[in-house]
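In what follows, a structure is listed as structure tokens, so that the remarks can point back to it.
Throughout, numbering of the chain's residues begins at 1 and tracks the sequence. Computed from a predicted structure; not experimentally measured. Order of appearance sets the numbers: ligands from 1, and atoms from 1 within every ligand.
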Amino acid sequence: MIPFLDLGAAYLELKSEIDTAIHRVLDSGWYILGPEVDAFEAEWADYCQANHAVGLANGLDALILALRALEVGEGDEVIVPSNTYIATWLAVSAVGATPVPVEPDPATHNIDPNRITRAITARTKVILPVHLYGQPVDLDPILVLAREHRLKVVEDAAQAHGARYKGRRIGSHGDIVCWSFYPGKNLGALGDGGAITTNDPTLADRIRVLRNYGSRVKYVNEVQGANSRLDPIQAAVLRAKLPHLDAWTDRRRAIAALYSEGLEGTGLILPHTPDWAEPAWHLYVMRSSDRDGLQKALSEAGVGTLIHYPIPPHMQAAYEGLAIPAEALPVARKLAREVLSLPIGPQLPQQDAARVSDIVKAIAQ
Ligand SMILES: *Cc1c(COP(=O)(O)O)cnc(C)c1O
């Protein structure tokens with residue numbers, strides 16, 4: 001059996017470094033914020049080519065606090081991709097604003113900048129693109145639109161650790177960039193974790209205050225904040241892993257290249273990478289008109305796959321209230337029917353990836 005992802009193997013690869021890091025925190029007697037979180041924030045900002053990083057409890061909170069820092073709330077609209085993990089939409093709803101979906105370019109699965117203008121209204125405050133599957137969004141046209149219409153750009157980079165857009169790391173193109181360190185992400189903690197990066201010192205400061213009860217000085221509360229602090233044990237784990245992230249991304253890229261070469265000519269629609277994009281290869285997502293049949297055959301052949309994502313947010317019971325008609329957003333619905341993610345990860349042996357490729361090819365032909 002070749003699993004979709006083996007998180008235990010990721011821990012074992014760095015077991016001694018991670019165990020040492022965790023014990024450093026346990027021995028320190030400092031269990032909330034403090035030097036370990038400060039150090040990770042500096043290292044993460046540096047890695048992302050951003051001036052500031054703020055460690056948070058998870059990726060959803062990163063999105064919520066980013067929107068709160070930009071004073072997005074009741075009556076405001078935020079432009080989101082029609083195909084994304086539901087967290088992107090939930091953050092918008094959590095601050096009382098309305099998610100306004102825009103369809104993706106089916107070639108890249110990412111929000112189509114050409115469709116955004118039509119979705120902008122007098123209530124629009126923010127454009128919230130997602131670097132889905134670790135493939136960078138075409139940011140320049142979005143940043144131009146934002147400037148023209150006086151909107152802010154918040155990036156959901158929960159799947160894009162280390163990806164580059166036109167040579168520069170994702171991390172400070174938009175006003176605020178939101179990260180998740182959920183265990184399965186490219187840089188994953190051993191529990192929940194998140195962060196924002198930004199070049200704007202005022203926004204960084206606002207989020208720093210918001211994450212800690214709205215407080216800069218203990219028992220002095222400037223705003224109604226949240227409790228959303230990155231755990232120092234997780235910060236220590238992330239610090240142990242960060243020096244390995246680029247090598248891990250290289251291994252992901254090698255697996256993606258092996259799949260794309262092996263599956264050429266099978267009729268499957270393979271990931272398309274524009275020449276300005278250096279993806280993080282969080283997922284390797286292909287499309288098949290008989291996706292369910294292919295997934296079942298792969299499972300019988302011992303290959304674990306997943307679907308990212310089977311139900312678009314507008315079709316979830318959670319969003320019945322938006323009353324988006326069933327026939328709306330056909331691109332998101334079609335992608336949800338056709339996408340299939342193959343095993344990928346730094347700990348997946350190259351020979352297993354080669355086997356996966358051979359098995360998929362045999363089934364698809
Ligand atoms: C994982 C993820 C999130 C949420 O991150 P959590 O840390 O699980 O809260 C948000 N958006 C996208 C695209 C994600 O993949």
**Message:** Using 30° and 60° as the class boundaries, would you call the ring planes of Trp44 and Phe181 parallel, tilted or perpendicular?
**Reply:** perpendicular

**Message:** For atom 4 (C) of ligand 1, tell me which residue out of Gly194, Gly188, Ala87 has the closest non-hydrogen atom.
**Reply:** Ala87

**Asked** Is the number of heavy atoms from other residues, nucleotides or ligands under 6.0 Å of Arg355 CZ greater than 12?
**Response** no

**Request:** Could you tell me whether Thr84 and ligand 1 have an N or O pair separated by under 3.5 Å?
**Result:** no

**Aromatic plane relationship, Trp276 with Tyr165 - under 30° parallel, 30 to 60° tilted, over 60° perpendicular** = perpendicular

**Request:** Could you tell me if the ring centre of Phe40 sits under 6.0 Å from that of Tyr47?
**Result:** no

**Request:** Kindly assign one of parallel, tilted or perpendicular to the pair Tyr133 and His308, based on the angle between their ring planes and the thresholds 30° and 60°.
**Result:** perpendicular

**Asked** What part of Val130, side chain from CB on, backbone N/CA/C/O, both or neither, has a heavy atom under 4.0 Å from ligand 1?
**Response** side chain

**Prompt:** Going by atom types alone, do His131 and Gln159 pair a side-chain donor with an acceptor below 3.5 Å?
**Reply:** no

**Message:** Can you confirm whether more than 12 heavy atoms, excluding those of Lys296, are under 6.0 Å from its NZ atom?
**Reply:** no

**Message:** Using a plain distance cutoff, I'd like to know if Gly59 has any nitrogen or oxygen under 3.5 Å from a nitrogen or oxygen of ligand 1.
**Reply:** yes

**Message:** Which residue and atom name correspond to the protein heavy atom nearest atom 15 (O) of ligand 1, and how close is it?
**Reply:** Lys185 NZ, 2.6 Å

**Asked** Among Gly184, Ala158, Ala157, which residue places a heavy atom closest to atom 3 (C) of ligand 1?
**Response** Ala158

**Request:** Answer side chain, backbone, both or neither: which part of Asp156 comes under 4.0 Å from ligand 1, heavy atoms only.
**Result:** side chain

**Prompt:** Please state which protein non-hydrogen atom is closest to atom 9 (O) of ligand 1 and give its distance, to 0.1 Å?
**Reply:** Leu60 N, 2.9 Å

**Request:** Please indicate whether any nitrogen or oxygen in Ser180 is less than 3.5 Å from any nitrogen or oxygen in ligand 1.
**Result:** yes

